[in-house]
There are 2 protein chains.
Amino acid sequence: MARYPGTHTTGRGGFMPRTKRGNAPSIRDVAAVANVSVPTMSRYLKDPERVSEKKREAIAAAIEKLNYRPNPIARALALDMSESITVMSADTRLYGRTQTIFGIERKAQEIGYPITICVLDPRGGERMLSNVRSCLDRSPAGVILIDFDRLTDSVVSRIPASTPMVIIGGPRHERRAQIHLCEYDSAYAMTRRLLELGHETVHYVSVPADVDARADGWRMALSDAKVPAPAPIATTWDAEDAIEIGRRLGEDPSVTAIFAGNDEVAMGLMRGLTLAGRRVPDDVSVAGFDDHTLSKVWNPPLTTVRQRFSEAGEHAVALLKEQIDDVVNDCSRGEAWTVFDRIAGDLVERESTAPRRS
Amino acid sequence: MARYPGTHTTGRGGFMPRTKRGNAPSIRDVAAVANVSVPTMSRYLKDPERVSEKKREAIAAAIEKLNYRPNPIARALALDMSESITVMSADTRLYGRTQTIFGIERKAQEIGYPITICVLDPRGGERMLSNVRSCLDRSPAGVILIDFDRLTDSVVSRIPASTPMVIIGGPRHERRAQIHLCEYDSAYAMTRRLLELGHETVHYVSVPADVDARADGWRMALSDAKVPAPAPIATTWDAEDAIEIGRRLGEDPSVTAIFAGNDEVAMGLMRGLTLAGRRVPDDVSVAGFDDHTLSKVWNPPLTTVRQRFSEAGEHAVALLKEQIDDVVNDCSRGEAWTVFDRIAGDLVERESTAPRRS
DNA sequence: CTGAAAGCGCTTACAG
DNA sequence: CTGAAAGCGCTTACAG
């Protein structure tokens, strides 16, 4: 039933195609119809200019007639590089990642590269690396690493320097292309703003991360203002867990300003504060981070720092494409790929923060 | 610099590898070390039992020694089927889709299939189909279609019946594997529940969808209760747009119960209601749909119907895998793939709904 | 500008 | 059980 030697020359009629390509025309079929050789076809596909006008027309007609579409898999095998981008990320449900991936998808579609998702096993270690390896085995044209929780080091070192790659977020890597979200700066600014509103200090509730630039910005702003920093409170990615934290914080009348590691946590905190009988922002100000889609809809609307995730995703693809074109053209490999582009967030003050009640 | 004929037999030393595979060992290299033929290697890879014990050991040792990993691209070319799953979906940022994709990712990883995302162009038509085509050109082992806004028909008809596929959501398709989310039933139940709470009618705010099973369930529940149905109000996927709708609804003292097409819209409505000076649930009850991660954190926590998106995603992969195994084993192609599995949602009553104030 | 040849790394009848 | 051969659909030197 399946294909066997000779099958295609004798007309691959047979049964139903086993897969989508099935009996789609091959480059050889088109070459025959256009009366040119296969290599000429190949040249035409890569750059029509390399073929004489006459053949060009014949080929175009044949392609049209047979509705030919080159087989990307065969191409990938010959080139040892498939025309696709793989995105490596941990849990894709988290807001920032979803948005970033969306931006990547949009731009990738624009340049005609499909994207494949390589989920980094949250348990890390060997399991995560085996994921990475198996994605690399597919020879993607390039990889985009979303590194919002800094599991990067072990992954980055697995990716050959010759492989186009861009990292979004994470600690700085030498000789790699990277997009920096300036979280430290934003956190610093938000904290300072809260201080300006008259709050004596601001409490920080942190989201899981090995290295937390947001916490660092907060701490530094406090330190610069000569305000002692309360111990940061750690929570999970699950907003529900922040409710209890909010409630406890609400029981302490001295806390009047809380800065959360992300908007979802901020929302959980606000719920907890409400349960503790405290009003936002009258009794306590709450600020988040990210500008989640629902932040402006929250009750009250949440003050936060807007992160340009999807823009970062789009930019990552653009950067990656440059590198890919470089390797395709065999030029400047690896050398000039050191990039560190900033995509800064900005403060958006809504109604969840207010001057300290005197 | 690049590969040229003979390169691999003469030792492909040369420069840096151009891509990740670069100078990875091929099946031929391993065969040489193990002192067996390439076909024997191939047989071993597919099913070690088909090879004599002696060779089996030699091969295992050689694989280990060279750290050999088969090239999935070459395999895909030979088999005209790549070991990967492509997921087709419109805007992946929307809650249900993100969750579903997460489930797919988790299960796909378990069975060792990478997933590639094919974003369906929201503008539909030819643009969308060209996306589909180019994904199909990659010969995925199977496809999962997330059809939460019913753009399905034109896509489904493009996918050969011989291609393993499972559809999640959407209107029923003959002779296809499909997972049904029972939204009609859930919407019916929610509406009836609201009526039981004493509300004279329930208003419906609908999310964009060509065919809206949720609206149908709502309408039928009203009709069965002999309650006239108010005109449904259409909104967008953007929760912010629901604020204004909530405000307007809030100005009408006769509305005491609102059912939203999804949780995010419900949240927007609640915000609008608040702005209109109405309290939830004291003045008006609001129910959503989906059980968004933030629903239980909302102020007040949102009554909704919990949808098992990630479970649906996982089940889809399981169903797909069965089909894939069928085609790999050349059996029962296409015939027995008619499946219609239900994954029902369930009502979760939280604090945003209450008996009508007498 | 163009074609014949060889190669990419696998798989699958076929004939021992 | 196993190897030699041919094939999957492309690409790229090489030599006109």
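Chain letters run A, B, ... following the sequence lines, proteins first and then strands; every chain starts at 1.
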Open item on the list: Base, sugar-phosphate or nothing for A:Y68? Non-hydrogen atoms, less than 4.0 Å.
Closed with: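 Touches sugar-phosphate only.
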Write down the distance between [atom1] ([X]) and [atom2] ([N]), rounded to a whole number of angstrom.
{"X": "A:R138", "N": "C:dC8", "atom1": "CZ", "atom2": "P", "result": "21 Å"}
{"X": "B:L77", "N": "D:dC10", "atom1": "CG", "atom2": "C1'", "result": "8 Å"}
{"X": "A:Y44", "N": "C:dG3", "atom1": "OH", "atom2": "C1'", "result": "19 Å"}
{"X": "A:I73", "N": "D:dT11", "atom1": "CD1", "atom2": "C1'", "result": "16 Å"}
{"X": "A:M81", "N": "C:dG9", "atom1": "CE", "atom2": "P", "result": "15 Å"}
{"X": "B:E83", "N": "C:dT11", "atom1": "CD", "atom2": "P", "result": "10 Å"}
{"X": "B:D47", "N": "D:dC1", "atom1": "CG", "atom2": "C1'", "result": "13 Å"}
{"X": "B:R69", "N": "C:dG9", "atom1": "CZ", "atom2": "C1'", "result": "15 Å"}

Looking at [X] and [Y], what are the two nearest heavy atoms and their distance?
{"X": "A:I144", "Y": "A:A316", "value": "CD1-CB, 3.9 Å"}
{"X": "A:V143", "Y": "A:P140", "value": "CG1-CG, 4.5 Å"}
{"X": "B:V38", "Y": "B:I27", "value": "CG1-CG2, 3.8 Å"}
{"X": "B:P72", "Y": "A:D137", "value": "CD-O, 3.4 Å"}

Task: Each stem that DNA chain D is part of, given as range with range (3 or more consecutive Watson-Crick or G-U pairs, under 3.5 Å) - done: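 Output for stems: C:1-3 with D:14-16, C:5-12 with D:5-12, C:14-16 with D:1-3.
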- [ ] Check step by step if side-chain contact (heavy atoms from CB on, under 4.5 Å) holds for A:V87 and A:R97.
- [x] CA-CA 11 Å; A:V87 177; A:R97 300 196 189 123; over 6 Å; no
Between [X] and [N], does any side-chain N or O lie under 4.0 Å from OP1 or OP2?
{"X": "A:R75", "N": "D:dT11", "answer": "yes"}
{"X": "B:R43", "N": "D:dT2", "answer": "no"}
{"X": "A:K46", "N": "D:dC10", "answer": "no"}

Open item on the list: Let's see if you get this right: which residues in residues 48-67 of chain B place a heavy atom under 4.0 Å from DNA chain C?
Closed with: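 Output list: empty, so none.
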Task: DNA chain C contacts among residues 33-42 of chain B, heavy-atom distance under 4.0 Å - done: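 Heavy-atom cutoff 4.0 Å gives B:V38, B:P39, B:S42.
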Hey, can you pull the donor-acceptor pairs under 3.5 Å for the side chains in residues 51-59 of chain A, sequence neighbours left out?
{"residue": "A:R56", "atom": "NE", "partner": "A:P48", "partner atom": "O", "Å": "3.3"}
{"residue": "A:R56", "atom": "NE", "partner": "A:V51", "partner atom": "O", "Å": "3.2"}
{"residue": "A:R56", "atom": "NH2", "partner": "A:V51", "partner atom": "O", "Å": "3.1"}

For residues 112-128 of chain B, please give each side-chain donor-acceptor pair under 3.5 Å, one per line with the distance, not counting sequence neighbours.
{"residue": "B:D121", "atom": "OD1", "partner": "B:R123", "partner atom": "N", "Å": "2.8"}
{"residue": "B:D121", "atom": "OD1", "partner": "B:R123", "partner atom": "NE", "Å": "2.9"}
{"residue": "B:D121", "atom": "OD2", "partner": "B:R123", "partner atom": "NH2", "Å": "2.7"}
{"residue": "B:E126", "atom": "OE2", "partner": "B:R133", "partner atom": "NH2", "Å": "2.7"}

- [ ] Evaluate the side-chain contact (heavy atoms from CB on, under 4.5 Å) criterion for residues B:V36 and B:Y44: first the C-alpha distance (whole Å), next the side-chain angles of each, then the deciding distance (0.1 Å), finally the verdict.
- [x] CA-CA 11 Å; B:V36 301; B:Y44 171 89; over 6 Å; no
Task: Student check: side-chain heavy atoms of A:D147 and A:Q178 closer than 4.5 Å - done: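 No. Closest side-chain heavy atoms not under 4.5 Å.
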Task: A:I63 side chain near A:L45 side chain, heavy-atom distance below 4.5 Å - done: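 They are in contact (side-chain heavy atoms under 4.5 Å apart), so the answer is yes.
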TODO: Apply side chain to side chain donor-acceptor pair (under 3.5 Å) to A:S89 and list each qualifying residue two or more places apart in sequence or on a separate chain.
DONE: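 With neighbours one apart ignored, the set is empty.
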Task: Backbone of A:S26 reached by a side-chain donor or acceptor of A:D29 within 3.5 Å - done: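 The answer is yes, because a donor-acceptor pair under 3.5 Å joins these two groups.
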